[in-house]
Amino acid sequence: MSDRLHQIVDLLVAAVIAGTSTFIWSYVLPTGLALTLAGMFAAMYYFSRNPWGSPRGEAYNEWIDDLYDRFLP
């Protein structure tokens with residue numbers, strides 16, 4: 001159950017990243033391109049759990065997992 005809850009939270013975080021990115025990028029780019037970029041950012045987070053391509057991906061993943069363990073059952 002815990003793994004599913006972590007996956008749900010990952011999806012919610014990815015959705016927030018996509019929504020926020022779309023909102024911000026739509027001020028300077030056409031809507032279609034803003035949606036594409038936002039989808040790419042959300043996919044980068046969700047599928048790799050390595051935000052923004054940082055070489056410290058394992059450290060990010062450990063930090064995120066510790067945060068989940070602290071607040072989720």
Side-chain angles (χ1 to χ4, degrees):
M1 179 67 177
S2 179
D3 291 337
R4 287 185 184 183
L5 190 56
H6 287 195
Q7 187 177 17
I8 290 170
V9 173
D10 278 340
L11 285 171
L12 291 174
V13 171
V16 168
I17 290 170
T20 305
S21 297
T22 301
F23 181 74
I24 292 169
W25 282 114
S26 66
Y27 282 108
V28 294
L29 298 172
T31 304
L33 185 56
L35 286 169
T36 300
L37 285 176
M40 286 173 36
F41 290 145
M44 283 173 41
Y45 174 79
Y46 179 76
F47 289 113
S48 69
R49 294 260 320 263
N50 184 3
W52 318 122
S54 170
R56 296 179 37 217
E58 289 181 22
Y60 282 121
N61 286 341
E62 289 176 17
W63 181 82
I64 291 169
D65 288 336
D66 289 342
L67 185 68
Y68 285 176
D69 290 340
R70 201 173 329 151
F71 293 105
L72 300 173

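The structure displayed is predicted, hence computed values, not measured ones.
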Any non-hydrogen side-chain atom of [X] less than 4.5 Å from a side-chain atom of [Y]?
X	Y	answer
L33	W25	no
D10	Y68	yes
V9	F71	no
L35	T31	yes

State yes or no: do L5 and W63 share one hydrophobic cluster built from I, L, V, M, F, W and Y residues joined by side-chain heavy-atom distances below 4.5 Å, directly or via other members?
yes
Please answer: with hydrophobic residues joined when any side-chain heavy atoms are less than 4.5 Å apart, are V16 and V13 in the same cluster?
no
Point-to-point distance, once rounded to the nearest 0.5 Å, from [atom1] of [X] to [atom2] of [Y]:
X	Y	atom1	atom2	answer
T36	F41	OG1	CZ	11.0 Å
N61	D66	CG	CG	11.0 Å
L29	T22	CG	OG1	10.5 Å

Between A38 and S21 the two heavy atoms that sit nearest each other are CB-CB, 3.7 Å
